[in-house]
Amino acid sequence: IKFFRKLIRWFGRRPAYHIMYFVVFWYVLTMPAARRRTRYYLDRRFPGRSGRLRRFLDSYRLLCGFGRTMIDQFVLVVAGRGALRAECVNAEVLGKVFRDHAGFVLLNAHVGCWQVAMSYLDFAGREVSTVMIPPTADQPGGAELEAMPFKVIDPRRGLDSVLAMLQSLRRGEILGLMGDRVFGPEEGTVEASFLGGPIKLPFAPYRLAGAAGVPIAVIFSYKTGFDRYEIKLARLIEVDPDAARRPQTCQPCAQQFADALEEFVRQRPWQFFNFYDLWQL
């Protein structure tokens with residue numbers, strides 16, 4: 001991480017990409033764990049793939065996409081918004097969501113580069129908080145976190161974290177959450193179907209949206225060219241406050257998110273970067 005940070009500062013993005021391809025190849029070749037962590041998703045997305053070489057190349061391609069995303073994330077911090085070009089493909093629809101709702105839950109997933117959406121969307125002066133475990137300085141994104149245009153709520157602080165999230169929404173702010181990563185015990189999950197199998201999704205986004213009386217905007221930002229990204233409102237989920245009190249009754253909302261995510265990975269299979277077994281119930 002330190003090497004690539006210096007490389008990007010001195011020589012820019014393009015040399016970093018070229019060297020990253022060799023680094024990723026070495027990791028995929030010599031570390032079975034790196035290959036294994038890509039297979040949870042790839043075996044579901046491409047069930048008919050066979051042959052050691054084909055599977056090796058698929059893992060390599062997916063991790064190269066992840067490497068480009070990490071480099072872009074750092075470039076965004078170093079060079080600012082001008083370093084990347086981002087376009088919202090359904091800007092009118094998303095703009096209406098902003099105008100009609102003082103606050104809402106912005107639900108991301110581990111696809112593309114979510115930092116682009118948080119940096120490029122015009123939030124009309126409203127405060128934005130995102131729920132995440134802050135990475136350390138020597139982890140990807142750790143040193144760049146302070147430069148991002150949002151506040152961080154650490155979900156490990158228990159009830160204090162929940163209150164901070166709810167208060168943010170009730171103040172008319174925007175709360176960013178990851179819809180495909182579970183924090184905490186199984187009681188805080190809801191089941192949905194994704195790529196032909198059941199998975200556990202976090203219950204918190206739907207419960208918070210219901211309690212605050214706000215909708216959920218599912219937004220994905222993804223790479224489409226060397227320095228180009230697209231931002232898309234993939235789904236607007238209206239949450240019934242009564243139904244959102246229990247995981248069982250808000251399951252249709254979670255399924256809407258899972259459907260939007262599955263539609264995305266069908267169209268852009270090499271930009272899904274969730275490297276753990278979602279289907280291990």
Side-chain angles (χ1 to χ4, degrees), residues 40-41 44-45 88-112 114 117-118 121 128 130-132 155 162 165-166 168-169 174-184 186-222 230-269 271-274 276-279 281:
Y40 302 132
Y41 160 65
R44 290 277 180 172
R45 178 60 183 84
C88 186
V89 296
N90 48 5
E92 292 184 3
V93 179
L94 187 56
K96 187 176 186 303
V97 174
F98 284 8
R99 292 191 300 271
D100 292 350
H101 304 281
F104 56 88
V105 172
L106 194 161
L107 200 57
N108 284 297
H110 289 82
V111 302
W114 61 268
M118 303 298 280
L121 288 177
V128 181
T130 189
V131 180
M132 62 181 294
V162 176
M165 298 177 210
L166 192 55
S168 174
L169 290 172
I174 296 168
L175 180 67
L177 288 159
M178 284 292 177
D180 61 339
R181 180 61 59 87
V182 174
F183 295 110
E186 186 174 344
E187 290 76 14
T189 64
V190 58
E191 190 171 302
S193 176
F194 178 60
L195 289 178
I199 62 172
K200 294 287 188 181
L201 296 176
F203 173 46
Y206 314 103
R207 186 172 188 177
L208 287 165
V214 299
I216 294 175
V218 180
I219 295 178
F220 299 143
S221 55
Y222 45 91
E230 287 184 354
I231 303 170
K232 181 180 181 180
L233 174 64
R235 196 87 70 188
L236 184 65
I237 304 174
E238 299 288 347
V239 182
D240 184 339
D242 293 328
R245 294 174 181 174
R246 298 185 303 278
Q248 297 82 357
T249 53
C250 78
Q251 192 277 337
C253 293
Q255 189 59 57
Q256 287 188 61
F257 169 77
D259 290 343
L261 184 58
E262 181 164 335
E263 181 179 333
F264 176 87
V265 301
R266 295 288 184 191
Q267 296 172 351
R268 300 183 178 276
Q271 295 202 51
F272 183 61
F273 308 129
N274 200 335
Y276 81 105
D277 191 356
L278 286 163
W279 297 268
L281 300 182

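Computed from a predicted structure; not experimentally measured. Scope of the values below: all heavy atoms of this structure, side chains included, with no hydrogens, waters or symmetry mates.
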- Query: Where the side chain of N108 meets the backbone of F220, is there a donor-acceptor pair that is under 3.5 Å apart?
  - Reply: no

- Task: Determine the minimum heavy-atom distance between A260 and V218, stating which atoms define it.
- Result: CB-CG1, 4.4 Å

- Partner residues of D100 under the side chain to side chain contact (heavy atoms under 4.5 Å, CB included) criterion, sequence neighbours left out: K96

- Message: Can you give me the closest heavy-atom contact between A192 and A258, atom names plus distance?
- Response: CB-CB, 4.0 Å

- Return the set of residues passing ring pair (Phe, Tyr, Trp, His ring centres under 6.0 Å) with Y41 (not counting sequence neighbours), or none when no residue passes. F272

- Query: Between Y222 and Q271, is any side-chain donor less than 3.5 angstrom from a side-chain acceptor?
  - Reply: no

- Query: Checking side chain to side chain contact (heavy atoms under 4.5 Å, CB included) for the pair V97/F104: CA distance, chi angles, key distance, verdict?
  - Reply: CA-CA 9 Å; V97 174; F104 56 88; 4.2 Å; yes

- Interatomic spacing from CD1 in I174 to CG in L106 - rounded to 0.5 Å: 7.0 Å

- Note on the structure: Between R181 and H110, the two heavy atoms sitting closest are CB-CE1, 3.7 Å

- Please identify each residue that fulfils side chain to side chain contact (heavy atoms under 4.5 Å, CB included) with P252, with sequence neighbours left out. none

- Query: Any side-chain heavy-atom pair from L261 and V111 closer than 4.5 angstrom?
  - Reply: yes

- With a 4.5 Å heavy-atom cut-off, do K232 and N90 have their side chains touching? yes

- Task: For A254, enumerate each residue passing the side chain to side chain contact (heavy atoms under 4.5 Å, CB included) test, keeping only those at least two apart in sequence or located in another chain.
- Result: V190, L201, Y206

- Just wondering, do R268 and E230 contact through their side chains at under 4.5 Å, heavy atoms? yes

- So do H101 and P215 actually touch side chain to side chain, heavy atoms under 4.5 Å? yes

- Query: Can L107 and I219 be said to form a side chain to side chain contact (heavy atoms under 4.5 Å, CB included), step by step?
  - Reply: CA-CA 6 Å; L107 200 57; I219 295 178; over 6 Å; no

- Note on the structure: Residues F257 and A109: closest non-hydrogen pair is CZ-CB, 4.0 Å

- Residues in salt bridge (Lys or Arg N to Asp or Glu O under 4.0 Å) with E262, at least two apart? R266

Pairs of donor and acceptor atoms involving the side chains of residues 233-249, under 3.5 Å and at least two apart or interchain, shall be tabulated with distances.
unit_1: D240; atom_1: OD1; unit_2: D242; atom_2: N; d: 3.0
unit_1: T249; atom_1: OG1; unit_2: A243; atom_2: O; d: 2.3
unit_1: T249; atom_1: OG1; unit_2: R246; atom_2: O; d: 3.1

- For I231 and V89, run side chain to side chain contact (heavy atoms under 4.5 Å, CB included): C-alpha distance rounded to whole Å, both residues' side-chain angles, the deciding distance at 0.1 Å, then the answer. CA-CA 6 Å; I231 303 170; V89 296; over 6 Å; no

- Message: Let's go through C250 and R207 carefully: what are the C-alpha distance in whole Å and the side-chain angles of both, what is the deciding distance for side chain to side chain contact (heavy atoms under 4.5 Å, CB included) to 0.1 Å, and is it a yes or a no?
- Response: CA-CA 8 Å; C250 78; R207 186 172 188 177; over 6 Å; no

- Message: Just so I know, are the side chains of I199 and E191 near enough to count as touching, which here means a heavy-atom distance under 4.5 Å?
- Response: no

- With distance as the sole test, does W279 use its side chain to make a donor-acceptor pair with the main-chain N or O of F194 at under 3.5 Å? yes

- Note: L208 and M165 closest approach over all heavy atoms is CD1-SD, 3.5 Å

- Is there side-chain contact between V105 and L177, with heavy atoms separated by less than 4.5 Å? yes

